[in-house]
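These numbers come from a predicted model, not from an experiment.
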Amino acid sequence: MKPWLGLLCALWLAGPAVAAPYMVSKRVDLRQALDDLTLAASNHEMSLVKVQPIDSALVKRGYDNPHVRIAFVGNETAVRWAEAADPRLLNLLPIRLSLVQRGDEVVVIADDLAPWAQEFKDSPGAPLLKALEAEIKSLLDEFVRQ
């Protein structure tokens, strides 16, 4: 793997310095993690909308496999509520989760929505943003319990 690509991947996975993501891990492979995530989402009246296999695109181009998937989970009700409260909230839906295989465990990372709180401070969408943040935490807890 090219040294600059490794650095770029590390920076991308690290995310912004100010936003601490929600992160959980468990000892499973990526396939089982996706199954467990799908079940956890279902228990929260959500569904797995899309899985984006980042690693296959890199491998096709001759790079090492970083063992990363991006999963999107959500439901239609959240989209309708966001649209009614403040359409800018649609930028945060469906919920984006990064799954990274590290040895014999998978780490699931969700974006921290706290930096968005200032953007929606005086918006009717503020309570929905807080609810979405709580839902992400609960979903990740459910994933670990699966």
Engineer: Taking the side chain as everything from C-beta on, heavy atoms only, tell me whether Val106 gets closer than 4.5 Å to Val108.
Structural biologist: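 Touching, per the 4.5 Å side-chain cut-off.
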Engineer: Just verifying a value: how many Å separate His44 NE2 and Asp141 CG, rounded to the nearest 0.5 Å?
Structural biologist: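 The distance works out to 8.0 Å.
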Engineer: Identify the heavy atoms of Tyr22 and Leu140 that sit nearest to each other, and give their distance.
Structural biologist: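 Looking at all heavy atoms of both residues, the shortest contact is CB-CD1, 3.6 Å.
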Engineer: Should Val79 and Trp81 be counted in the same cluster of Ile, Leu, Val, Met, Phe, Trp and Tyr side chains packed under 4.5 Å apart?
Structural biologist: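 Shared cluster, yes.
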Engineer: Using modelled atom types only, decide if a donor and an acceptor are shared between the side chain of Ser47 and the backbone of Val49 within a distance under 3.5 Å.
Structural biologist: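 Side chain of Ser47 to backbone of Val49, a donor-acceptor pair under 3.5 Å: no, none is there.
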Engineer: Assess whether a salt bridge exists between Lys137 and Glu133, defined as any Lys/Arg side-chain N lying under 4.0 Å from an Asp/Glu carboxylate O.
Structural biologist: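 Looking at Glu133 together with Lys137, the answer is no, because their closest N to O distance does not fall below 4.0 Å.
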Engineer: Do Leu99 and Val107 have side-chain heavy atoms sitting under 4.5 Å apart?
Structural biologist: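 The answer is no; the side chains never approach within 4.5 Å.
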Engineer: Could you tell me whether a side-chain N or O of Asn75 sits under 3.5 Å from a main-chain N or O of Glu45, the two making a donor and an acceptor?
Structural biologist: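 Indeed, once roles are kept as given, a pair shorter than 3.5 Å links the two residues.
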Engineer: If you round to the nearest 0.5 Å, how far is CG of Leu129 from CG of Leu113?
Structural biologist: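 Answer for the CG-CG pair, Leu113 versus Leu129, is 5.5 Å.
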Engineer: Do Arg31 and Asp29 meet the salt-bridge criterion of a basic N to acidic O distance under 4.0 Å?
Structural biologist: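 Between Arg31 and Asp29 there is no salt bridge, as every charged N stays at least 4.0 Å from the carboxylate O atoms.
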Engineer: Which atoms form the tightest heavy-atom contact between Pro53 and Arg69, and what is the distance?
Structural biologist: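 Result for this residue pair: CA-CD, 3.6 Å.
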Engineer: Can you confirm whether Gln32 is buried at CD, in the sense that more than 12 heavy atoms of other residues, nucleotides or ligands lie under 6.0 Å from that atom?
Structural biologist: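 Enclosed: over 12 neighbouring heavy atoms sit under 6.0 Å from CD of Gln32.
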Engineer: Distance-only, no hydrogens or angles: does the Ser42 side chain make a donor-acceptor pair with backbone N or O of Thr38 under 3.5 Å?
Structural biologist: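 A pair under 3.5 Å: no.
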Engineer: Rounded to the nearest 0.5 Å, what separation is found between the CD atom of Glu142 and the CG atom of Asn43?
Structural biologist: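 Between atom CD of Glu142 and atom CG of Asn43 there are 4.5 Å.
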Engineer: Taking it one step at a time, do Ser123 and Arg88 satisfy side-chain contact (heavy atoms from CB on, under 4.5 Å)?
Structural biologist: CA-CA 10 Å; Ser123 162; Arg88 297 176 299 162; 3.9 Å; yes
Engineer: What distance do Asp111 atom CG and Ile95 atom CD1 have between them, rounded to the nearest 0.5 Å?
Structural biologist: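 So the CG of Asp111 and the CD1 of Ile95 are separated by 10.0 Å.
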Engineer: Show the nearest heavy-atom pair for residues Phe143 and Leu37, with the distance to one decimal.
Structural biologist: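 Phe143 and Leu37 have their closest heavy atoms at CD1-N, 3.7 Å.
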Engineer: Using the side-chain contact (heavy atoms from CB on, under 4.5 Å) rule, take Ile70 and Leu97 through it: C-alpha gap first, then chi angles, then the decisive distance, then the call.
Structural biologist: CA-CA 6 Å; Ile70 307 295; Leu97 302 168; over 6 Å; no
Engineer: Do Asp64 and Leu58 make a side-chain contact, defined as non-hydrogen atoms from C-beta onward lying under 4.5 Å apart?
Structural biologist: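 Side chain of Asp64 against side chain of Leu58, heavy atoms only: no contact under 4.5 Å found.
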Engineer: Look up atom CG in Leu39 and atom CG in Leu34, then write down how far apart they are to the nearest 0.5 Å.
Structural biologist: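 Spacing of CG (Leu39) from CG (Leu34) equals 12.5 Å.
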Engineer: Taking all non-hydrogen atoms of both residues, which atom of Ala126 and which atom of Lys121 are closest, and how far apart?
Structural biologist: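 Shortest heavy-atom separation between Ala126 and Lys121 comes out as CB-O, 4.2 Å.
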Engineer: Under a single-linkage definition using a 4.5 Å side-chain heavy-atom cutoff for Ile, Leu, Val, Met, Phe, Trp and Tyr, are Val68 and Val59 assigned to the same hydrophobic cluster?
Structural biologist: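 Per the 4.5 Å side-chain linkage, Val68 and Val59 are not co-clustered.
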Engineer: Which pair of heavy atoms, one from Leu30 and one from Gln101, lies closest together, and at what distance?
Structural biologist: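 Between these two residues, the closest heavy atoms are N-OE1, 3.0 Å.
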Engineer: Report the distance from atom CG of Leu92 to atom CG of Leu132, rounding to the nearest 0.5 Å.
Structural biologist: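 One gets 6.5 Å once the value is rounded to the nearest 0.5 Å.
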Engineer: If you take all heavy atoms of Val73 and Leu48, which pair is closest and at what distance?
Structural biologist: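 Val73 and Leu48 have their closest heavy atoms at CG1-CD1, 3.8 Å.
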Engineer: Would you say that Asp36 contacts Val28 through its side chain, given a criterion of any heavy-atom pair below 4.5 Å between the two side chains?
Structural biologist: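 In contact.
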Engineer: Is Glu105 paired with Lys26 through a side-chain N to carboxylate O contact shorter than 4.0 Å?
Structural biologist: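 Looking at Lys26 and Glu105, the cut-off is not met.
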